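So the structure is just underneath, and the comments pick up after that.
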Protein chains: 2
Amino acid sequence: MLDLPGEILEPLARSPVARDVAHRAGVSTATVSRVLNGSAGVRADKREAVMRAAQDLGFVANGAARALSTRRFMAVGAVVPNIENEAFVRVLSSFQERLRQAGYTLVAANAGYDLEDELREATFLLERGVDGLMLVGDIHHPDLHARIARHGIPMVQTFSLSRERPCVGFDNAASAARAANYLVDLGHRRIGVISGLRKDNDRGGARVTGIAQALAARGLTLAPEHDIEISYGIGGGRDGFRQMLAGGAPPTAIICGTDQIAFGAMIEARARGLDVPGDLSVIGHNDSDFAPFLDPALTTIRIHSAEIGHAAGDHLIARMQGRPVVRLTEIDAELILRASTAPPRKPARD
Amino acid sequence: MLDLPGEILEPLARSPVARDVAHRAGVSTATVSRVLNGSAGVRADKREAVMRAAQDLGFVANGAARALSTRRFMAVGAVVPNIENEAFVRVLSSFQERLRQAGYTLVAANAGYDLEDELREATFLLERGVDGLMLVGDIHHPDLHARIARHGIPMVQTFSLSRERPCVGFDNAASAARAANYLVDLGHRRIGVISGLRKDNDRGGARVTGIAQALAARGLTLAPEHDIEISYGIGGGRDGFRQMLAGGAPPTAIICGTDQIAFGAMIEARARGLDVPGDLSVIGHNDSDFAPFLDPALTTIRIHSAEIGHAAGDHLIARMQGRPVVRLTEIDAELILRASTAPPRKPARD
DNA sequence: GCGGTTTTTGAAAGCGCTTTCAGATAGCCA
DNA sequence: TGGCTATCTGAAAGCGCTTTCAAAAACCGC
């Protein structure tokens, strides 16, 4: 059965509880609790005795009982659109890192870009008793915030900025606009966009808006046939670029919603005999691992995922501990210049 | 404040508890519990009343209290080496899908390829009261299984097969051997391996062993200078292939621990003027999203991650519900042939 | 060695739910 | 309608921990 060194453990019949420890140490459960939670005011000898007894018995406090008693679960929930998406995974990972350090457990759920599903998953987490909640974006089911408020737990939104809610993110419109301006500065006049699904996705929407506005400010327009919305992934990028070519004069540069989409678009461009960046400049989003290794290396907007996760974690921890926080934390996205962008071969003049 | 339609809600002072619902419905908390847990034997009118009262009050049962009472947390833990790794993410995602359907919550933790850390994280989850645990691989800290046993909860290992423990996985040695045999059949004689870190990683180790044995069976050997161990990632693959070239006669084919490594190796090969697959055949592992889109498209060993996750989930759910299960589930990995492998240009004859 | 602190300590009361058990109701048949 | 059984229902006892509160013990200066 069990073979921890030194002592035969109780037959698995019942795992030890605080009372057992108290008994063995010759104190009350109150003292056991005090010792195990590090509160002061326990005489050294008793403290020792409790420690040893707990050790000997292999005592592990029952989390449910503790949670019930303290009314804190020491768990935090996160609902992200796609738990398999690299960008969200990175944020979750760094978010969890912080939580873990503070003794919290992360419980992540998948909303699949659907507000109803997001509400359902968030509700599930609330029922589980999470002490805080992380969401992505600023568009949610109308009931969601009421439900969260009802539980009286703090919430923080990530990835985009919000004027109403606590958030940690960046200005999607501004960073996409920066990419657009960069392309215009290079001499591009016909610029296209391939974004992922924009429904219920403020990030995607804001990016396109930002680009359109940036172009407008320079006297250009985002032609409808150059504004493509497709499903995520490399395949989506290929399809998207194909669609774009189907619509009249081809763009000389495109901005893509993710690096995967950009990769797909580059593949399709090459398949059509177009040179990147000679005939087509390409900009991605997220700075995926593979972005610097593509051929040509991909210019992309780097989202500082780790910082977002850390900041969101710190924010929530602070609020759960009743400390003051700033409502909005902006983590700047950064345009990483690589080889997939260049001036258009012959400056388009339309 | 809150604005659910129809009724003013209690000021957030205290969220409603079962007693409130009981009061409002004119029944006891016992009946409330019975209704909310769907147990039979409650008269229709009372059931209705309880349902409506719960609805009106926005009642959500306190998970901790329920867990304390039922002694089941309805949560399952998973400790994976790297929560950001695509292969593990996919398994976690499908694993969670199943758990979620059965009403369980997944709590995932990161072990970082370190047995001590794995033990620590698993202990943390056990303390939280998970009802089941998923691990990766068959190598663990010597104390880990004793601790799990002490909590009396079921555990399932994934990704590799085990002769001792319940598991869902595939035969890493056999599938890697298949890749090696395929290369030998193509006419390759000098075959190299670039694997990720093998310390505390039975999957990596088994794969290399499988390859070495397959080669041996065909009268070939895996030269030490062609057996490279590097850190994961595209950069690792580049470095690995560079190292391999530094050691004498270059291989005509390599098998890589992940598609990322394979991608890196291909980049390095091209940078050296080697043609893939003309001068070098490359096989990866995992069939990542980008594998079919590389140039040339990558031959790789596809791990059926979704099946592993589902099977692991089903296994654990069954055991938590006291149903019988098979101890070992093998999910075959599959060699996906693409364009990165071909016969060697001039059959090596040494 | 004594009265008056200042620490330590344990008994006991929850936390909010489930579940047992016995009593109350309803249902059924004669 | 009465008696007996089959259903329903509520009171109350936990689940295992934290925390309050008052009592006990230790400490202190004189």
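The sequence lines fix the lettering, A, B, ..., with proteins before strands; numbering per chain opens at 1. Small disclaimer: the values here were computed from a predicted structure and weren't measured.
Residue B/Ala18 is classed as a sugar-phosphate contact, given heavy-atom separations below 4.0 Å to backbone atoms only. Across all strands shown, A/Val32 has no heavy atoms under 4.0 Å from either base or sugar-phosphate atoms. Across all strands shown, A/Ala61 has heavy atoms under 4.0 Å from sugar-phosphate atoms exclusively, and none from any base.
Out of C/dG10, D/dA12, D/dT18, the shortest distance to the side chain of A/Arg34 is found at C/dG10. With C/dT20, D/dG16, D/dT20 as the candidates, the nucleotide lying closest to the side chain of A/Ala30 is D/dT20. When distances run from any side-chain atom of B/Val17 to the nucleotides D/dT18, C/dG16, C/dT8, the shortest one goes to C/dG16. Of the candidate nucleotides C/dG16, D/dG10, D/dT18, D/dT18 has the atom lying nearest to any side-chain atom of A/Thr70.
Residues B/Asn62 and B/Val17 form no side-chain contact, since every pair of their non-hydrogen atoms from C-beta on lies 4.5 Å or further apart.
The CZ atom of B/Phe73 sits 12 Å away from the C1' atom of D/dC15 (whole-angstrom rounding). Atom P of nucleotide C/dT18 and atom CZ of B/Arg19 are separated by 14 Å, given to the nearest angstrom. Atom-to-atom, CG of B/Asp20 to C1' of C/dC17 comes out at 13 Å; the value is rounded to the nearest Å. Put simply, CZ on A/Arg47 is 14 Å from P on C/dG10, counting in whole angstrom units. Protein atom CG of A/Asp45 is 14 Å distant from nucleotide atom P of D/dA25, rounded to whole Å. Rounded to a whole Å, the NZ atom of A/Lys46 is 9 Å from the P atom of D/dA26. Taking atom CZ on A/Arg128 and atom C1' on C/dC17, their separation rounds to 14 Å, with Å as the unit. The CG atom of A/Leu68 sits 10 Å away from the C1' atom of D/dT18 (whole-angstrom rounding).
Side chains of A/Glu118 and A/His141: no donor on one and acceptor on the other come within 3.5 Å. Inspection of the A/His23 and A/Arg19 side chains reveals no N or O donor paired with an N or O acceptor under 3.5 Å.
Checking B/Ser69 against A/Ser33, the closest nucleotide of DNA chain D that is more toward the 5' end is the one next to B/Ser69. Comparing B/Gly41 and A/Asn62 against DNA chain D, the residue whose closest nucleotide sits nearer the 5' end is B/Gly41. For A/Gly26 and B/Arg43, each mapped to the nucleotide of DNA chain C holding its nearest heavy atom, the one lying further toward the 5' end belongs to A/Gly26.
Between C/dT18 and B/Arg66, a contact under 4.0 Å exists linking OP1 or OP2 to a side-chain N or O. Taking 4.0 angstrom as the limit, A/Thr31 places none of its side-chain polar atoms (N or O) nearer than this to OP1 or OP2 of C/dT9.
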Test side chain to side chain contact (heavy atoms under 4.5 Å, CB included) applied to B/Leu106 and B/Arg100, step by step: CA-CA 8 Å; B/Leu106 171 64; B/Arg100 182 67 184 75; over 6 Å; no
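For B/Arg71 against D/dG16, a side-chain-to-base donor-acceptor contact under 3.5 Å is absent.
The number of heavy-atom neighbours closer than 6.0 Å to CE of A/Met320, taken from other residues, nucleotides and ligands shown, is above 12.
Stacking of A/Arg128 on the aromatic ring of A/Phe73 is not recorded, the 6.0 Å distance cut-off and the 45° axial limit not both being met.
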